[in-house]
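What follows is a single structure, written as structure tokens, with notes after it.
Since the model is a prediction, treat every value here as computed from it, not as a measurement. Per chain, numbering begins at 1; letters A, B, ... match sequence-line order.
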Amino acid sequence: MILPALFFYLFAGVCVASAFMVIAAKNPVHSVLYLILAFVNASGLFVLMGAEFLAMILIVVYVGAVAVLFLFVVMMLDVDFAELRQGVLQYLPVGVLVGVVFLAELLLVAGAWVIAPGMPQAISAPTPSTMTNTEALGRVLYTQYVYYFQAAGLVLLVAMIGAIVLTLRHNPKAKRQNISDQVARTKETAMEVVQVKSGQGI
Amino acid sequence: MNAVPLSSMTQVLPEIVLAIGGMALLMFGAYRDRVDNAVCVLSVLLLAAAGVTVTIIPNGNVFGTSFILDDYARFLKILAYLGSAFAIVMSLNYQTLEKQRTFEYPILILLSTVGMGMLISAGDLIALYLGLELMSLALYVVAASNRDSLQSTEAGLKYFVLGALSSGMLLYGCSLIYGFTGNVSFNGIAKASSQGGLGLIFGLVFLFAGFCFKVSAVPFHMWTPDVYEGAPTPVTAFFAAAPKIAAMAIFARATISAFPGITHQWQQIVVFVSIASMALGAFAAIGQTNIKRLMAYSSIGHMGFALVGLAAGTPEGVQGVLVYMSIYLAMTVGTFAVILSMRRSEGMVEKISDLSGLSRSNPGLAFFLALLLFSLAGIPPLAGFFAKYYVFLGAMKAGLYGLAVIGVLASVVGAYYYLLIVKIMYFDEPAKDFNPVPGELKAVLGVAGLFNLLYFVYPAPLIGAAGIAAKSLF
Amino acid sequence: MTFAELWTGYLWPLIVIVAESLLLLVLLLVSIAYVLLADRKIWAAVQMRRGPNVVGPFGLLQSFADLLKFVLKANKGVFLLAPLVTCTLALGAWAVIPVNAGWMIADINVGVLYIFAISSLMVYGIIMAGWASNSKYAFLSAVRSAAQMVSYEVSIGFVIICVLLCAGSLKLSVIVAAQDTRFGMFGWYWLPLLPMFVVFYVSALAETNRPPFDLVEAESELVAGFMVEYGSSPYMMFMLGEYVAIATMCAMGTILFLGGWLPPFQVAPFTWVPGVIWFVLKALFMFFLFAMAKAVVPRYRYDQLMRLGWKVFLPLSLAMVVIVAAVLQFGGLAPKG
């Protein structure tokens, strides 16, 4: 049991530390890189829990795609974060106050915490040992939760249409390559053999 | 876990029709050279098809209780489809004249309507959230659809940022509710909520914050005037009708079916929200000079009135809400048809002063607008009066006399600014003439106006249907 | 806990894993040295040149001479992190690649996803290098590469899904075993999923920034792209990472489409040869395809690259996922889970 515990503290520690560095780093690009480190460590924690599918998906989706776009944007924007942080000290007291109030409220709520009767069983319901957790996930995702799955798909479709509607501008002057036209050209349509008499030109 | 057989999904058919139809139209629009009214017309036909489907399929639950089709859902879905169809029809002329025609606009409305259907039928918190997001995301986009206009972009961005915030609160509430009851389905929450508990009420408050944002009730109304004013007018007409209906539907369904155990607690919140909305709607509208902003405050007030019915928490109260929303739809759609007709040769105008002397330059338009404004003010025998009558009746029966009295007072104050517009139209010096009103706006205005005028002659079908629908919720 | 328990429980497995990893690394690095040489030789042969032929017999020691030069000729922060990331990630992918039945360091349940995840991380090396170099050529290259690699990852993802549908598992060893049919090499997935094999091959070229998709380093416009500011050991690590990534893609193609360590036919002369030899042969064949593409296809323009990725491969691979799933489901061929 030592080894998993050791790895847990390693991943968890690095994860929290890099999450802190995300907000503390002076350079926004470094922030995003720390964010990536935090993601990777979070996926390490997933592996420790035996949820290897989630771990890999976290890396592929968040680190491999989402964070790349973050990085892309942050690099292009050239935001001076040091300047943005000018007012931090000024707003600090208010921020701390809001944070403390919120924490107190949460503690109040947590004080009233009653774990619902069915919960412990529901949480500890084991993944059937005959299948990998990838398969187990697939089995519930595409049967019991197929409605949510499809609905989430529609939400993403709308997001995609929205992005196109709001940003795509047709430029009538732009010349685009039409590959099927190029391929469809034949010798007859593309070439003309002209007999040029000497000294006359075409 | 077994796969859900396709044959058991009859109840989702309207949503499937709209979603697949919308995607097909997207392909149709993308591969078409010209941009004209075809996609709009087909979208309206699709909405009609969905409306027909929803009336003929049997009741039932699909995917456990995630998707509920009962009389309540049926009633509200037809209203929402009507609202979306009117919005598309009213946009036809505007888009051509303002050169903003994009084929995606009706498709986004279709997909938003799918979200409304899912929202109205939601039987658990996850379905609720997904439906809400689907609906709202399309709304954010159409609000910013006139991307060359600073106002429209600002409206879209403002709506998006505040909407995301409200979604966050709603989700936080959902997670608290799930944490304290161990259930996401409304039935399960209802069972677990009978013991009450502080945590559950915390969750309820956050959930209500999300709902109030979507129906634009005080104190989460701040976005409404700016978004109404900034968004292109047909979009505002859409915002004012269908999404409000869907949001109100889920507000009532979630409240009634998931929290019967803590009725007393949520009643207090709804009563407060209702009073605050009615009061703000009445007083803040008085100083407005822009008619779209005025309609924004008017809609805040109307949501307050509708919530009076919900506060009662009885079948009569919910019946009142349903009747209110139906009549509100007719009034709003009609009024926006007039606002869309306020066009001079130099472009759209939105000032209330632009309406002055309308009775002489265009008596027909003035008559219908006056009619609709009287109805919005709740003056008998127009439909608006009956709408208010039923919600107040529900509140009285539930013993909420104070709320009903405040409601009546608020509607008296509200009547002032509606009547002010009538005065401007009939007694002030005429301003420049408007351009001739396009045919489809005339048709919408005629239908809405006559409904408001003649409703009292034969109110039974609407009242009866709303009664049946309300009963199915309890 | 006694020492014996500690020994059997942790230390011995640790030593085994370290030894296995070292063995794999040494073999891999030596192969990479020769793969690099092969690349230059094939290219030279196509252009009727001789290629490197000075160091050692037939230039066989050329790569080691390069290594020595880089190490001897030996900045900070992200700038140095970038080549390290590239190199480490590329080597890390080999932890799960089965070169023979049971010959791998870790046979994890989600092996395919692991490799996919690693290859999607490879873009960071390039982005970090491009950004940290503080030069506009390098930065342009980083921006290009980010878009290019993310785009082609999408179609690789769908290719993988097609194979997974057929094999019914994410485990690399199971995927190879699923190709062990009575049709021999015609039962490997390259034939039934031929369009996907082609998509995979082209996407793998793009994913590893190989010609004709080497816009990232396009020497005629960007000098050498993200590597322009690098020299000595960091540069070597980039080269190493790049070629290991290519080797990984070859191995991946071998496992997904060419039956991994399986012999072409399960009959006598073929079954005598050990599986690892077959694996290496197939991977080399894949590499030969890579090298030939470099030699014979001119570089794509950037808009053509994007068009190919998003307008051709994405719809094609999406359609194939649907078709494959439908055929498996309605043809009764789906693997029993």
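- Val183(A) meets the side chain to side chain contact (heavy atoms under 4.5 Å, CB included) test with Ile179(A); sequence neighbours excluded.
- Within a 6.0 Å sphere centred on OH of Tyr62(A), heavy atoms belonging to other residues, nucleotides or ligands number 12 at most.
- More than 12 non-hydrogen atoms from other residues, nucleotides or ligands lie less than 6.0 angstrom from CZ of Phe28(B).
- Only the side chain of Leu108(B) comes within less than 4.5 Å of a heavy atom of chain A; its backbone N, CA, C and O stay farther away.
- Only the side chain of Met23(B) comes within contact range of chain A, with heavy atoms under 4.5 Å apart.
- Among the residues in residues 33-48 of chain A, none has a non-hydrogen atom closer than 4.5 angstrom to a non-hydrogen atom of chain B.
- More than 12 non-hydrogen atoms from other residues, nucleotides or ligands lie less than 6.0 angstrom from CG of Leu103(A).
- The number of heavy atoms from other shown groups lying within 6.0 Å of OH (Tyr145(A)) does not exceed 12.
- Only the side chain of Val114(B) comes within contact range of chain A, judged by heavy atoms closer than 4.5 Å.
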Please tabulate, for side-chain N and O atoms in residues 146-164 of chain A, each donor-acceptor pair with protein atoms closer than 3.5 Å (sequence neighbours left out).
unit_1    : atom_1 : unit_2    : atom_2 : d
Tyr148(A) : OH     : Ser66(B)  : OG     : 2.8
Tyr148(A) : OH     : Asp124(B) : OD1    : 3.2
Tyr148(A) : OH     : Asp124(B) : OD2    : 2.3

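- Identified by a heavy-atom distance below 4.5 Å to chain A, contributing residues of residues 158-168 of chain B are lacking entirely.
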